[in-house]
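Reminder, nothing fancy here: chain letters follow the sequence lines and each chain counts from 1. Predicted, not measured: the structure shown is a model, and the values here were computed from it.
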Amino acid sequence: MRAPSTREANPVIREQLAAALRDELAALGVDAPTEVHLEQPARREHGDWSTNIALASAKAAARPPRELAAELAERLNAASIPHVERVEIAGPGFVNFHLAPTWLHEVARRVIDDGEEGFARLEIGRGRRAMVEFVSANPTGPLHAGHARGAVFGDALARLLERVGYVVAREFYINDRGTQMAKMGHSIAARARGESPLEDGYHGAYITEWAADLPLDADPIEHGYAKALQDQRETLALLGVVFDHWFSEREMVESGAIAQTLTDLADRGVTYEADGATWLRSTDFGDDKDRVLVKSDGEFTYLLPDIAYHRDKFGRGFDLLIDVWGADHHGYVPRMRAALSALGHGADQFDVAITQMVRLLRDGDEVKISKRSGQLIELREIVDELGSDATRLVYLQQSVDSPQSVDLAVMLAQSMENPVFYVQMAHARLCSIRRVAAERGIERGSLAETDLGPLRHERELEVLRTLNNLPSLMEIAARDHAPHKVASWVRELAGAVHGWYHDCPVLRDDVDDQTRQARLWLADAALVGLRVGLSVLGASAPTSM
RNA sequence: GCCUCCGUAGCUCAGAUGGAUAGAGCAGCGGACUUCUAAUCCGAAGGUCGCAGGUUCGAGUCCUGCCGGGGGCGCCA
C-alpha cells in the first residue's frame, strides 16, 4: 500500500521551512527538487531542523554544495521566517535551522486543541473501506500462544488504519469444513467412549472436557465446533480483539460461491483441464507454477475456497484487503495474489502481512509446543495472568518481520521487561498532577489566555518535540503496516514525560504561577499524546496505578 | 536447489524518505526521594551494525555475492 502524503501529517513548521527553501532556491535560479527534505538532526547543535537540499541540488546547479548552502543560509537569515532564530551551514553543506521555543508552544496548542480524537488523525484513507482478516484459526480447539502475535498485530493494524482515515472491518475466517473438523469430531467421540483419539487426532485436555458434556444425540463435530468458537471468541474479547464478522467457509460453500468462482475464472480464460484436474494459470500472474483448483477426484483444493472467499470480500465493496498470515504460509502468497489478479483486481488492493514466528521461552529455555501431544500454552492462560494491556504491548513492541522471543516467566512475573508499566505510569503520573491540582483548588486559565513562554526547560521542549513527531510517524506506521512504530514512539514519549516529571515540578510552592499554568497545559498535551498512542495499540490509559 | 524473513551492546530489540559522533529497555556498576506516584530520574561502562565488494559527497539503511539462523517450496490445510 502506498499512502499519499497529506498536509495533515506534516507539522506546520515543516511546511513553512520547506516553502521558504523553495522560494530562496528559486531566487537563486536553482531548480528545487519536488520534495524538500527536512529532518530533525540527532544532535542539538545541528539545529532544530536540517536540510540536505544544497547537497542534493549541487549537481544540478553545477556549484559546490557548501557555497550553495552558504548563499541559501544568508538569504534565509535575511528573510524573516516565523520562529526561526538563525540559519547556519555545517558539514558538507547542510543548512540548519535554529528555532525559538515558540514553535513548540504552537505544537502544544495544536495538540491540545485537536485533543485525543483529533490529534494525529489523518485522512490518508479518505474513507476507503479496508478489511483486515486475521487469526482465522481452525475451530478445533482453544487459541494458543502461537495465535497471539497475529491477533494483537491484526487488531492494532486495524486501529492504525482507522486512525489514518480508513473505514476498517475486522474479519475472522472460520475454516469450518474439511479434515481437521472431522479429526476433532472423531477425537471427541473417542474420548466420550473413554478411548484415546487416533494417532493423528487431537490429544489436548480440552477434548476430554468437551467430550464430558457431549449430549448423547449430538454430532461431536458440531459440539466441538460450538465449543471452539465460543472459547476463541471469549479469549479474543479478553484481549480486546472484537471482530465485525466471523465468516463461515461452510456457509460460503453452501451458497454456491465455489461454482460461481470457477465459472468466473473460466470465463476469464485463466483455467484449463489437465490430468483430470482443473488448473489455474497462476504462472501468467507471477506464480512459479500453475495450481490445481479441482482435483482429479472431483474435490477442490484448499486454494479454491480461499479464492472464493477473497472474491466475496471484494464483492462486499472493500477497496483494500489485508490478510495477516503466519510465516508458515508465506509461500502461499504468490498464488493468492495471482488468483486475485486473474480475477481482475489490482495488485495494490491486496496485501499480506506476514508475522514471523515467536519463540516461546520459560526462564530462558525454549518451550516446545506439540500439537500431537496437545501440550499447548493457551492464549487464555497468558491473558489471564498478564492482562490484556501487557500482553498486547509485549507482542507489539517488535516488528512482525523479526522473529520474536518471548519469555513467559519474565512476562508473567510482570517485570520491567514489560514496557506497559513504564508507559501507563507516565499517564498515571500526569493524571495525578491534575488530581492534586484539583484537590488544592488550583484554578487554571483558558489555553488561549495562558502564556506558554515559561516552557523553556529542555525536558519540556523534548516532550513537545516528541509530540510534534506523532502525525508523520502515524503516516509512516500506517504506510508500512507497522504498529510497532507507534509502540516505540509511545515509549519515547513516556520517557520524555518521566524526565520532565522529575525535573519540572508543577505544584510545588516555589513554582511561580505563570510557570505552573504553562506546565499544567504541557501535562495536558502529553496526556493527549499518550492516549492517542495507547488507543492505537489497544491498551488502556489508567489514571492511577 | 529456489523463494522469503532475520543477523545492530551480555540479553531483548528500535533505527521512514540514504546524512553529521548508531539508540532504548533489561541485566550489571555508581548516584538521586522533606516534593505532583522512586513502577521514576541521572551518570559511567558496554559496538569490526554477520563478511566482502559496489553505487554515492555520504551506507546500519540501496545493489551484488557469500556465511549463519527461522519459515516455506503437495491434486495437504
Q: Sticking with atom P, work out how far G1(B) lies from A16(B), rounded to a whole angstrom.
A: 33 Å
Any H484(A) side-chain nitrogen or oxygen under 4.0 Å from OP1 or OP2 of G15(B): yes
Phosphate-side-chain proximity, K183(A) and A77(B), N/O vs OP1/OP2 below 4.0 Å
no
* Asked: OP1 or OP2 of C36(B) sitting under 4.0 Å from any side-chain N/O of R440(A)?
  -> yes
Taken to the nearest whole Å, CZ/F300(A) to C1'/G74(B) is 18 Å
For G72(B), is there a stacking contact with Y332(A), counting only centres under 5.5 Å and planes under 30°?
no
In H498(A), H457(A), R459(A), the residue satisfying side chain to side chain donor-acceptor pair (under 3.5 Å) with D503(A) is R459(A)
As its Watson-Crick or G-U partner within any shown strand, both distances under 3.5 Å, G68(B) has C6(B)
For a quick check of understanding: with a heavy-atom distance under 4.0 Å over all strands, which category does R491(A) fall into, base, sugar-phosphate or nothing? sugar-phosphate
Spell out yes or no: do the side chain of S50(A) and the base of A20(B) have one donor N/O and one acceptor N/O closer than 3.5 Å? yes
To the nearest angstrom, the CD1-C1' distance between I174(A) and A77(B) comes to 16 Å
F94(A) CZ to G18(B) P, in whole Å, measures 13 Å
CG (D524(A)) and CZ (R519(A)) are apart, to the nearest 0.5 Å, by 15.0 Å
From NE2 of H329(A) across to C1' of G71(B) the rounded distance in Å is 12 Å
Separation of C26(B) atom C1' from L393(A) atom CG, nearest Å, is 16 Å
(message) Whether the side chain of H502(A) and the base of U40(B) hold a donor-acceptor pair under 3.5 Å is what I'd like checked.
(response) no
- Task: Look at the side chain of N418(A) and the base of A39(B), then say whether one donor and one acceptor between them are separated by less than 3.5 Å.
- Result: no
| Atom P, compared across A77(B) and C63(B): separation rounded to whole Å | 36 Å
Base, sugar-phosphate or nothing for A90(A)? Non-hydrogen atoms, less than 4.0 Å.
base
For C11(B), the nucleotide meeting Watson-Crick or G-U wobble distances (both under 3.5 Å) is G25(B)
If pairing means Watson-Crick or G-U wobble with both distances under 3.5 Å, then the partner of G53(B) is C63(B)
Paired to G46(B) by Watson-Crick or G-U wobble criteria (both distances under 3.5 Å) is none
Discussion item. Please give the distance between the P atoms of G15(B) and G68(B) as a whole number of Å.
Written reply: 27 Å
Salt-bridge criterion met for R337(A) and D351(A) (N-O under 4.0 Å)
yes
Practice problem: Classify the ring geometry between Y272(A) and W279(A) as parallel (under 30°), tilted (30 to 60°) or perpendicular (over 60°). | Solution: parallel
Answer for the Watson-Crick or wobble partner of U34(B), both distances under 3.5 Å, is none
* Between C2(B) and K289(A), is there an OP1 or OP2 to side-chain N/O distance shorter than 4.0 Å? -> no
- Task: Determine the contact category for S402(A): base if any of its heavy atoms lies under 4.0 Å from a base atom, sugar-phosphate if only primed atoms, P, OP1 or OP2 are that close, otherwise nothing.
- Result: sugar-phosphate
Any side-chain N or O of R459(A) under 4.0 Å from OP1/OP2 of C42(B)? yes
Can you see if the side chain of R359(A) gets near the phosphate of G69(B) - specifically, an N or O under 4.0 Å from OP1 or OP2?
no
Please check the phosphate of A77(B) (OP1 and OP2 only) for any side-chain N or O of T301(A) closer than 4.0 Å.
no
*Does D328(A) get its side chain close enough to the base of G72(B), under 3.5 Å, for a donor-acceptor pair?*
no
Q.
Does a side-chain N or O of Y501(A) approach OP1 or OP2 of C33(B) to a distance below 4.0 Å, or not?
A. no
Whole-Å distance, L408(A) CG to U12(B) C1', equals 15 Å
query = Should the ring pair Y332(A) and H329(A) be called parallel, tilted or perpendicular, given that the plane angle runs from 0 to 90° and is split at 30 and 60?
reply = perpendicular
- Item | Side chain Q356(A) and base G70(B) donor-acceptor under 3.5 Å | yes
From CZ of F421(A) across to C1' of A24(B) the rounded distance in Å is 18 Å
Side-chain contact check for D401(A): nearest option of C6(B), U40(B), C36(B) is C6(B)
